[in-house]
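Data block below; observations after.
Just so it is clear, the model here is predicted, and its values are computed rather than measured. Both ligands and their constituent atoms are indexed starting at 1 by order of listing.
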Amino acid sequence: MIKEIQLRISLKEEEKEDILLMKSARILEISPKDITGVKVLRKSIDARKPKIILNYKIAVYIKEALPEASEYAFEYQDVSKAKEIHIIGFGPAGMYAALRCIELGYRPIVLERGKNVKDRRRDLKAINQDHFVNEDSNYCFGEGGAGTYSDGKLYTRSLKRGDVRRIFENLVFHGATEQILIDAHPHIGTNKLPKVVQNIRETILNFGGEIHFGTRVTDFIIKKGNIKAIQLNNNKEIPVERVILATGHSARDIYYLLDKKELALKAKSFAMGVRVEHPQHIIDSIQYHCSGPRHELLPAAAYSLVEQVKDRGVYSFCMCPGGFIVPAATTNTEVVVNGMSPSKRNNLFANSGIVVEINVDKDLQKYDHYGVLKGLEFQKDLEKLAWTAGGRTQTAPAQRLTDFVEGKLSNDLNPTSYQPGLRSAPLHSLLPKLIGGSLRTGFKAFGEKMKGYYTHEANVVGVESRTSSPVNIPRTEKLQHPEISNLFPCGEGGGYAGGIVSAAMDGERCAEAAIKGL
Ligand SMILES: Cc1cc2nc3c(=O)[nH]c(=O)nc-3n(C[C@H](O)[C@H](O)[C@H](O)COP(=O)(O)OP(=O)(O)OC[C@H]3O[C@@H](n4cnc5c(N)ncnc54)[C@H](O)[C@@H]3O)c2cc1C
């Protein structure tokens with residue numbers, strides 16, 4: 001017999017061996033000897049009160065063996081002679097589109113502008129140390145897309161759009177820790193993601209798919225509402241039948257290309273702001289109500305904040321406890337920051353994007369002449385402004401949090417995890433008022449909600465500009481572009497995902513849609 005129960009375990013109890021088994025026996029009023037094993041289904045931390053509690057949902061196996069295998073099986077088949085589907089971009093959307101093609105008996109041909117995870121690492125080093133951004137290989141472009149050197153948080157709100165568990169199980173199948181199946185806020189970590197991505201590549205190649213790195217798509221040859229061929233950066237042209245476009249939201253050349261070809265696009269609302277960085281111990285002390293170091297069983301504390309400022313949302317985005325701020329620009333004349341953390345989340349800093357909602361219809365009138373690309377142009381201008389204020393390198397403009405809110409230039413800055421370095425700049429006056437003003441009010445409100453958060457020991461760093469796509473590539477119910485019937489806009493670049501898991505789920509759906517009728 002299997003019984004599912006909830007357990008509340010204190011930190012002191014958590015230190016004891018077999019606590020879950022012993023407590024289950026007590027609650028179920030059975031002998032511990034009758035329990036063959038317990039399986040943790042969910043684990044979360046309740047730190048609302050000073051006495052911190054670990055909430056467990058567990059399955060108790062009573063006189064019954066624990067299952068050995070996962071109920072999810074991934075049955076890949078040899079597709080080396082099967083019909084081809086072309087996939088542009090090998091981020092989470094492209095990877096999961098390719099895997100799904102193989103499961104369904106089709107041969108994915110992946111075209112990726114960036115390098116494989118190993119070679120890509122050298123380009124990341126060049127950004128951090130030499131301030132040189134390779135426009136095809138950086139934190140956004142390359143094998144695994146923006147998902148590889150990301151934080152690897154697997155939280156998604158897209159629960160209705162697909163089977164989230166299936167994506168998690170598949171990540172585990174490809175080497176991610178089983179802990180992601182249990183944690184309420186699952187996280188892989190930037191140090192573990194490249195191996196998972198590499199394993200996914202090997203599955204695709206082993207079963208007959210193709211992946212071409214260093215291969216940027218530069219044009220579409222369109223005839224009678226169909227893409228007949230794709231042009232590549234080496235001037236080669238390849239014929240295609242079905243194309244999944246999974247190029248992510250940083251592939252501006254793709255938006256420009258579609259716009260030039262007068263294909264339907266829509267301007268989309270998005271959010272922009274800064275990244276704030278605190279010493280991790282400050283966030284721990286607020287969230288865990290402790291004055292010294294956090295309990296050794298507790299992970300680096302996270303937070304999630306939201307405030308309405310004059311009907312405009314100001315909120316934390318991609319919070320990375322124990323993490324690093326990273327330079328996520330895709331060209332040399334812009335500065336973009338983002339965050340990531342290793343699996344242990346053991347760095348000394350806590351960083352988070354703090355962003356402001358931008359309503360593309362109401363807020364960007366000055367950019368109206370750019371038409372559907374107005375959000376993109378606004379985003380570009382802000383990134384260029386950050387680059388100029390940072391000193392025209394990957395050094396990022398920054399200010400102490402309290403100086404930013406009070407409107408003062410910082411004489412000096414706090415230590416940071418951002419490797420290219422920070423430069424003091426008056427972000428409070430440089431950022432457009434709708435962003436700067438909303439952030440300043442928002443930060444004050446956050447300080448009220450989390451006592452100790454509003455501190456001169458934190459830096460704000462500019463700019464957090466790539467939260468989601470400023471452009472939507474429309475698609476019909478069959479997931480086809482309305483004017484090009486064999487083009488399937490997919491993932492974050494199309495405006496259909498906002499993170500690793502939702503992009504992966506959209507990749508699967510696009511693969512299913514693309515093979516229909518082939
Ligand atoms: C530093 C950082 C941290 C992040 N942390 C998290 C996190 O913790 N959790 C989370 O859910 N999300 C996180 N994200 C966001 C997440 O990575 C993206 O939402 C996700 O990767 C989007 O997937 P995608 O496949 O749609 O696009 P992308 O991952 O952007 O992949 C697109 C791919 O297309 C390729 N490409 C672009 N143009 C062309 C072209 N013309 N020809 C050929 N190839 C092309 C690119 O090189 C890229 O590899 C983070 C992002 C960054 C940068």
Side-chain angles (χ1 to χ4, degrees), residues 86-98 110-117 120 123-124 134-158 167 185-190 193 197 211-220 230-233 243-258 275 302 317-321 323-330 336-341 345 351-353 464-469 473 489-507 510:
H86 286 80
I87 300 171
I88 312 176
F90 197 52
M95 288 192 295
Y96 276 84
V110 180
L111 310 164
E112 165 56 55
R113 71 194 295 165
K115 300 180 186 172
N116 67 52
V117 279
R120 193 176 164 191
D123 296 312
L124 303 188
N134 177 331
E135 297 191 354
D136 287 313
S137 174
N138 45 56
Y139 278 92
C140 295
F141 295 159
E143 185 175 20
T148 308
Y149 295 99
S150 77
D151 196 34
K153 282 183 291 290
L154 301 177
Y155 177 74
T156 180
R157 287 197 210 103
S158 312
I167 302 295
H185 296 284
H187 168 245
I188 296 182
T190 193
L193 281 159
V197 167
I211 304 170
H212 300 269
F213 292 114
T215 305
R216 181 170 13 99
V217 170
T218 54
D219 205 356
F220 299 120
I230 284 176
Q231 198 171 65
L232 306 177
N233 51 338
V243 180
I244 296 177
L245 183 66
T247 42
H249 65 22
S250 291
R252 290 179 177 154
D253 41 2
I254 289 291
Y255 298 128
Y256 286 125
L257 176 67
L258 297 177
R275 199 151 267 265
F317 172 82
C318 185
M319 199 268 141
C320 301
F324 299 84
I325 300 184
V326 296
T330 42
V336 178
V337 288
N338 209 314
M340 66 179 196
S341 64
R345 287 188 155 159
N351 71 70
S352 176
E464 176 88 21
S465 49
R466 308 261 178 107
T467 54
S468 71
S469 176
I473 311 176
C490 179
E492 195 163 35
Y496 302 103
I500 296 168
V501 176
S502 55
M505 287 195 299
D506 199 54
C510 287

Does only the side chain of [X] get under 4.0 Å from ligand 1, or the backbone, or both, or neither? Count heavy atoms.
| X | answer |
| --- | --- |
| Thr247 | both |
| Leu154 | neither |
| Lys153 | both |
| Ala93 | both |
| Asn338 | side chain |
| Asp506 | neither |

Can an N or O of [X] be found at a distance shorter than 3.5 Å from an N or O of ligand 1?
| X | result |
| --- | --- |
| Gly144 | no |
| Asp136 | no |
| Ile88 | no |

Can a donor-acceptor pair be found, under 3.5 Å and without considering hydrogens, that links the side chain of [X] to the backbone of [Y]?
| X | Y | value |
| --- | --- | --- |
| Thr218 | Gln231 | yes |
| Tyr149 | Val326 | no |
| Thr148 | Glu143 | yes |
| Asp151 | Gly339 | no |
| His249 | Arg466 | yes |
| Glu112 | His212 | no |
| Arg113 | Phe213 | no |

Any idea which protein heavy atom is nearest [atom], and the distance to it?
| atom | result |
| --- | --- |
| atom 44 (N) of ligand 1 | Arg113 N, 3.1 Å |
| atom 34 (O) of ligand 1 | Gly89 CA, 3.2 Å |
| atom 3 (C) of ligand 1 | Gly339 O, 3.1 Å |
| atom 30 (O) of ligand 1 | Gly248 CA, 3.4 Å |
| atom 31 (O) of ligand 1 | Gly91 CA, 3.4 Å |
| atom 19 (O) of ligand 1 | Glu492 OE1, 2.6 Å |
| atom 11 (O) of ligand 1 | Ile500 N, 2.7 Å |
| atom 51 (C) of ligand 1 | Ala146 O, 3.7 Å |

Closest non-hydrogen atom pair, [X] against [Y]:
| X | Y | value |
| --- | --- | --- |
| Gly152 | Ile500 | CA-CD1, 3.8 Å |
| Cys318 | Asn338 | SG-OD1, 4.0 Å |
| Pro321 | Ala302 | CG-CB, 3.8 Å |
| Cys490 | Ile244 | CB-CG2, 3.7 Å |
| Phe220 | Ile230 | CD2-CG1, 4.2 Å |
| Glu464 | Val337 | OE1-O, 3.1 Å |

Using a strict cut-off of 4.0 Å, indicate which atoms of ligand 1 neighbour a heavy atom of [X].
| X | result |
| --- | --- |
| Ala251 | 37 (C), 38 (N) |
| Gly142 | 47 (O), 49 (O) |
| Gly499 | 10 (C), 11 (O), 12 (N), 19 (O) |
| Val326 | 1 (C) |
| Thr215 | 42 (N), 43 (C) |
| Ala246 | 32 (C), 33 (C), 34 (O) |
| Gly491 | 26 (O) |
| Ile254 | 41 (N) |

Tell me whether Ala497 reaches ligand 1 (any heavy atom closer than 4.0 angstrom to a ligand atom). no
Does Met340 come within less than 4.0 angstrom of ligand 1, counting non-hydrogen atoms of the residue? no
Does some side-chain heavy atom of Glu492 sit less than 4.5 Å from a side-chain heavy atom of Pro92?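 No, their side chains stay 4.5 Å or more apart.
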Could you walk me through whether Ser469 and Tyr255 pass the side chain to side chain donor-acceptor pair (under 3.5 Å) check? CA-CA 11 Å; Ser469 176; Tyr255 298 128; 2.9 Å; yes
Would you mind finding which of Ser502, Gly214, Ser250, Gly147 brings a heavy atom closest to atom 21 (O) of ligand 1? Gly147
The single option from Asp136, Asn138, Asp253, Asn134 that satisfies side-chain contact (heavy atoms from CB on, under 4.5 Å) with Thr330 is Asn138
